[in-house]
Amino acid sequence: QVQLVESGGGLVQPGGSLGLSCAASGGVFSPATLGWYRQSPGKEREWVTSTGPYGRTMYADSVKGRFTISRDNAKNTVDLQMNMLKPEDTAVYYCAVVDPGHPEPRGSAWTNSETYSYWGQGTQVTVSS
């Protein structure tokens with residue numbers, strides 16, 4: 001059974017940095033596409049970033065240049081380093097995994113939440129002074 005557990009959320013001041021980590025278990029994830037989503041109160045879940053099994057990474061325009069996704073296949077982890085945080089980055093952040101048996105997404109499938117088969121429980125990030 002696949003399980004994803006996020007950690008690292010918390011309160012940070014605007015302009016600050018925070019790192020999130022997601023530990024995956026119950027499968028082999030090196031062939032999988034891994035991603036991060038976020039959801040703010042009253043808003044739909046929003047795609048943030050993803051990384052494919054061959055090194056391709058994609059970012060939402062709202063976080064490009066500030067957030068960095070990285071993966072460690074040996075540890076089955078995917079991290080999200082968030083810099084220059086803004087109040088609008090406040091949200092619950094979720095890691096998500098495409099079924100390792102599925103190929104790397106193409107086109108708009110990268111950002112479509114239905115592409116991702118497994119989800120973590122989420123971790124709260126609050127950016128406030």
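In this chain, residues are counted from 1 in sequence order.
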Over all atoms of both residues, closest heavy-atom pair of [X] and [Y]:
X: T33; Y: P105; answer: OG1-CD, 3.1 Å
X: I69; Y: Y59; answer: N-OH, 3.0 Å
X: G35; Y: S50; answer: CA-OG, 3.7 Å

*asked:* Quick one, L80 with W36, criterion side-chain contact (heavy atoms from CB on, under 4.5 Å). Give me CA distance, side-chain angles, the key distance, then yes/no.
replied: CA-CA 8 Å; L80 182 64; W36 288 91; 3.7 Å; yes
Which donor-acceptor pairs under 3.5 Å do side chains of residues 5-28 form with protein atoms, sequence neighbours excluded?
unit_1: E6; atom_1: OE1; unit_2: Q121; atom_2: N; d: 3.0
unit_1: E6; atom_1: OE1; unit_2: Q121; atom_2: NE2; d: 3.3
unit_1: E6; atom_1: OE1; unit_2: G122; atom_2: N; d: 2.9
unit_1: E6; atom_1: OE2; unit_2: C95; atom_2: N; d: 2.9
unit_1: E6; atom_1: OE2; unit_2: G122; atom_2: N; d: 3.2
unit_1: S17; atom_1: OG; unit_2: N83; atom_2: OD1; d: 2.9
unit_1: S21; atom_1: OG; unit_2: D79; atom_2: OD1; d: 2.7

_Show me the pairs that pass side-chain hydrogen bond (donor to acceptor under 3.5 Å, both in side chains) and involve residues 96-106, at least two apart or across chains._
none
Determine which pairs satisfy disulfide (SG to SG under 2.5 Å) with at least one residue from [range], sequence neighbours left out, and list them in order.
range: residues 97-129; result: none
range: residues 41-88; result: none
range: residues 52-94; result: none

*Can you list every salt bridge (charged side-chain N to carboxylate O under 4.0 Å, His left out) pair that touches residues 112-129, not counting sequence neighbours?*
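Residue pairs with at least one partner in residues 112-129: there are none.
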*asked:* Please list all pairs meeting salt bridge (charged side-chain N to carboxylate O under 4.0 Å, His left out) that have one or both residues in residues 25-40, counting only residues at least two apart or in different chains.
replied: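 Those involving residues 25-40 are R38-E46, R38-D89.
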_Other cluster members, Y37 - Ile/Leu/Val/Met/Phe/Trp/Tyr, side-chain contacts below 4.5 Å_ =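 Cluster partners of Y37: W47, M58, V92, Y94, V98, W110, Y116, W119.
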*List, by chain and then residue number, the residues other than Y54 in its hydrophobic cluster (Ile/Leu/Val/Met/Phe/Trp/Tyr, side-chain heavy atoms under 4.5 Å); write none if there are no others.*
none
_Exam field: side chain R71 to backbone G52, donor-acceptor pair closer than 3.5 Å_ =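 The answer is yes, because a donor-acceptor pair under 3.5 Å joins these two groups.
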*Sub-3.5 Å donor-acceptor pair from the side chain of T90 to the main-chain atoms of V127, do we have one?*
yes
*What pairs with K43 under side-chain hydrogen bond (donor to acceptor under 3.5 Å, both in side chains), at least two apart in sequence or on another chain?*
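Applying side-chain hydrogen bond (donor to acceptor under 3.5 Å, both in side chains) to K43 gives none.
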_Pairing residues for T126 by the side-chain hydrogen bond (donor to acceptor under 3.5 Å, both in side chains) criterion, not counting sequence neighbours_ =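 For T126 the side-chain hydrogen bond (donor to acceptor under 3.5 Å, both in side chains) partners, ignoring immediate neighbours, are Q124.
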_Counting only heavy atoms not in E44 (residues, nucleotides, ligands), do more than 12 fall under 6.0 Å from its CD?_
no
_Any non-hydrogen side-chain atom of L4 less than 4.5 Å from a side-chain atom of V97?_
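Counting from C-beta outward, L4 and V97 do come under 4.5 Å.
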*What distance separates D72 CG from F29 CZ, expressed to the nearest 0.5 Å?*
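Separation between the atoms: 13.5 Å.
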*Give, for atom CG of N76 and atom CG of L34, the distance between the pair rounded to the nearest 0.5 Å.*
9.0 Å
*With R56 via salt bridge (Lys or Arg N to Asp or Glu O under 4.0 Å) - residues at least two apart*: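 With neighbours one apart ignored, the set is empty.
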